[in-house]
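All remarks here apply to the structure that follows.
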There are 2 protein chains.
Amino acid sequence: MDRKLVDVAKLADVSPATVSRVLNNSSLVTKKTAERVLQAIEELNYHPNAAAKHLRSQRTRTIGVIIQDINIAYFAEIIKGIQNTAYALNYKVIVCDSDNKPEKEQDYLGLLKNRTVDALILVSSTLRDELLTELADNGHKIGLIGRSIDHDSIPCCLTDNVKFSTDVIRHFLDQGHRHIAYINGYPEIVDSYERLEGYMKALKERRIPFFPELIECGDFSEEGGYSATKRLLRKNIPFTAVYAANDEMALGVLKACREMGISIPEQLAIVGVDNNRITEYVTPSLSTVNQPKFQLGALLTEKIIAQLGDEPDKGPRIITVESELIVRESSSYVHSSR
Amino acid sequence: MDRKLVDVAKLADVSPATVSRVLNNSSLVTKKTAERVLQAIEELNYHPNAAAKHLRSQRTRTIGVIIQDINIAYFAEIIKGIQNTAYALNYKVIVCDSDNKPEKEQDYLGLLKNRTVDALILVSSTLRDELLTELADNGHKIGLIGRSIDHDSIPCCLTDNVKFSTDVIRHFLDQGHRHIAYINGYPEIVDSYERLEGYMKALKERRIPFFPELIECGDFSEEGGYSATKRLLRKNIPFTAVYAANDEMALGVLKACREMGISIPEQLAIVGVDNNRITEYVTPSLSTVNQPKFQLGALLTEKIIAQLGDEPDKGPRIITVESELIVRESSSYVHSSR
DNA sequence: GTGAAAGCGCTAACAA
DNA sequence: TTGTTAGCGCTTTCAC
């Protein structure tokens, strides 16, 4: 059924090589010949076979993306940025949802090894540095989003966790809060550490005492934020504000507070991270830090595709994009008396 | 750098064919030989080249999915169902976000024609029947989600729009509503018609008069629902309930009501469709129809992959999955006096 | 500017 | 049970 390149060649009365040249816009073909070839292609309704092209050219113009859960808006938006850019540059995107399972994430690396993809983008990956380094050293192209690594050939795209976290805490401090709880994400993820670092930094610069009891661990899920809040409350250490390492957990805080009859923001102020759409719809609306998710995906993709081609790699290996605090109802009550 | 099959063959002192047999678990290999080969594979850290495999076998074990916007939870969850099932069956998934642009959707069909994918799943596609029929007739494998078509070789997976829409309207009628508005989605999409059909059906069976002025068109977006509501209100025809063809538009209705000081559900009841997570978080929480999105994706993928293989195709070509009305605050006020 | 021919890495038909 | 060999459909030297 499918026509092949030779069929076109025969019909146009040229060699396969010429057809190939036309297909790849080689400049060395006469306009006249090209036209004949194009017409034959049209006439036969010919479509170049991708697999043959891939095998011969040793590239697939496909990149893989590994994310933890496509149902989480953060990841979906990053994928959108990646896919959009890839489309514009004539690349395809294979999406790999790891379901939060490290073994699946590992498994997907096979796509790189068997050359199904030219490059693999890891979003918020928990894979060990050594593993990633080894991949890169073996000539595999990987890129990181929301995490950085010390390796010359691995481009990274991220926001400045320390910076925006410092901003969040300063915002709390400006409102008179002195006992601020922090709910961490997965401890293995760098973001968690860095956000904590920002928290500490802000306290330090204002000389506010730090209470380790006010740090709790979550898992970036609503349920995690919910139970962390419960644990915090049981400690009987007063606190008037909570910084949650992401919006999902902030929603969990909100839920716990509703149950306990704690009024937001009067009794407790909340700020999350990601600017998940839900934060705008919930009552009270949640303050959060906007992460330019689409941009994170788009910029890294652009960079990684440039590196795959022959274009000289310009620009920094690590791309930092700005994120900004969005103050909504959940942190809009000023405690003048404290 | 990369090792190839012959390298393994040489090291294991067997023929390439044997290595291939081992790789594909052909039963015709001695355990002993197989072990030797496996060891060589290990030793050389060999990974079979995907492109070569694809070219030779004429299959890529890859399916494409075309969706309108991955940022919309409905599509993201369907993709999750597809990807999850594909992973289990050792298939890859290329995601194609059409950004609501028909020309992009068209463009992605190229993946099928150039054999980049073995099959293509179209979600809520607006492509014309004839085009899809032609593709299928030309031996291309496609599958539909959220839409059906009359063609023997195109599997479809969908919910019964008429049925659940009838349920929604009955629910309104049971609460005493007699003037129920309907906000349609894109008129080109079958769902829109079928949901309207269910609306009419329920009215008819209860002999409730139908007012064409209470039908408005939206575009499945929040903004569309918002402006449709405004238009409805300007008509000065009383109505006490709104059925929106999806949750996004229901959110738009809610927004408009907030602005106009209309209280939900006392003055106006709202029901949407999709069970978007946001509907649970918003105040008042929105009644909606749960669509088993993951399942829609998973079932169709299973079916389509079965058809790609040699397994006899059992089960119906058109798979209908159950959706159910979820009553929340936005439609929980009974108008006993009407 | 165009063509001939080799080969990308694998699988499967056929032979042994 | 294992090996030989001919391609899958394309690109790309190298010649002309």
Side-chain angles (χ1 to χ4, degrees), chain A residues 1-38 40-41 44-62 110-118 139 309-310, chain B residues 1-38 40-41 44-62 110-111 113-118 309-310:
Chain A
M1 190 76 246
D2 282 7
R3 300 338 195 99
K4 8 191 188 174
L5 190 137
V6 275
D7 298 330
V8 176
K10 275 177 198 150
L11 182 60
D13 198 31
V14 295
S15 75
T18 301
V19 178
S20 174
R21 288 192 188 102
V22 172
L23 286 170
N24 299 289
N25 320 301
S26 164
S27 46
L28 318 154
V29 190
T30 325
K31 215 168 184 176
K32 220 167 134 189
T33 320
E35 255 163 33
R36 239 182 30 251
V37 171
L38 255 11
I41 287 175
L44 295 176
N45 188 27
Y46 165 74
H47 293 271
N49 180 287
K53 208 164 179 164
H54 296 166
L55 174 57
R56 180 60 231 224
S57 62
Q58 304 285 44
R59 340 179 45 213
T60 60
R61 295 191 83 86
T62 306
L111 294 177
L112 209 46
K113 295 180 183 155
N114 70 19
R115 305 283 173 198
T116 298
V117 298
D118 294 339
D310 316 304
Chain B
M1 192 72 248
D2 282 6
R3 302 334 196 105
K4 12 191 185 174
L5 190 137
V6 275
D7 298 328
V8 176
K10 275 178 199 150
L11 181 60
D13 198 31
V14 294
S15 75
T18 300
V19 178
S20 174
R21 288 190 188 102
V22 172
L23 286 170
N24 299 289
N25 319 302
S26 164
S27 48
L28 318 154
V29 188
T30 327
K31 213 167 184 177
K32 218 167 133 189
T33 321
E35 254 163 34
R36 239 184 28 250
V37 172
L38 254 12
I41 287 175
L44 294 176
N45 188 27
Y46 165 75
H47 293 270
N49 181 287
K53 211 164 177 162
H54 296 166
L55 175 57
R56 180 60 231 223
S57 63
Q58 303 285 43
R59 338 179 46 214
T60 60
R61 295 193 82 87
T62 305
L111 293 177
K113 297 181 181 153
N114 70 20
R115 306 283 173 196
T116 298
V117 298
D118 294 339
D310 315 305

- Smallest heavy-atom separation, A:Ala34 atom then A:Val29 atom, equals N-CG1, 3.9 Å

- What is the distance, rounded to the nearest whole Å, between atom CZ of A:Arg3 and atom P of D:dC8? 15 Å

- Note on the structure: Taken to the nearest whole Å, CD1/B:Ile41 to P/C:dC10 is 10 Å

- To the nearest Å, give me how far apart CG (B:Asn114) and P (D:dC8) are. 19 Å

- Quickly work out the A:Arg21 CZ to C:dA4 C1' distance and round it to whole Å. 11 Å

- In whole angstrom, give the distance that lies between atom CG of B:Leu5 and atom P of C:dA12. 12 Å

- Message: Run A:Asp2 and B:Lys113 through salt bridge (Lys or Arg N to Asp or Glu O under 4.0 Å) and show every step you take.
- Response: CA-CA 9 Å; A:Asp2 282 7; B:Lys113 297 181 181 153; over 6 Å; no

- Polar contact flag, side-chain donor to acceptor under 3.5 angstrom, B:His47-B:Asn45: yes

- Message: Pair A:Leu5, A:Leu23 - check side chain to side chain contact (heavy atoms under 4.5 Å, CB included), show working.
- Response: CA-CA 10 Å; A:Leu5 190 137; A:Leu23 286 170; 3.9 Å; yes

- Using a cut-off of strictly less than 4.0 Å between a heavy atom of the residue and any atom of DNA chain C, enumerate the qualifying residues of residues 49-61 of chain B by number. B:Asn49, B:Ala52, B:Lys53, B:Arg56

- Can you tell which of D:dG3, D:dC14, C:dC10 lies closest to the side chain of B:Tyr46? C:dC10

- Would you check, one step at a time, whether the test side chain to side chain contact (heavy atoms under 4.5 Å, CB included) holds for A:Asn49 with B:Asn114? CA-CA 5 Å; A:Asn49 180 287; B:Asn114 70 20; over 6 Å; no

- Whole Å only: how far is the CG atom of B:Asp7 from the P atom of C:dC8? 11 Å

- side-chain N/O A:Thr30 vs C:dT2 OP1/OP2, d < 4.0 Å: yes

- Note on the structure: Across all chains, not counting sequence neighbours, the side-chain contact (heavy atoms from CB on, under 4.5 Å) partners of A:Arg61 are A:Arg59, A:Asn90, A:Tyr91, A:Lys92

- Message: Which nucleotide wins on minimum distance to the side chain of A:Thr18, given the candidates C:dT2, C:dT11, C:dG9?
- Response: C:dT2

- Message: If I compare all heavy atoms of B:Thr116 with all of B:Thr60, which pair ends up nearest, and what's the gap?
- Response: O-OG1, 3.1 Å

- Message: Just the rounded figure in Å: distance from C1' of C:dG1 to CD of A:Glu35.
- Response: 16 Å

- Rounded off to whole Å, could you give me the NE2-to-C1' distance for the B:His47 and C:dC10 pair? 16 Å

- Message: Regarding B:Val14, tell me which of base, sugar-phosphate or nothing describes its non-hydrogen contacts under 4.0 Å with the strands shown.
- Response: sugar-phosphate

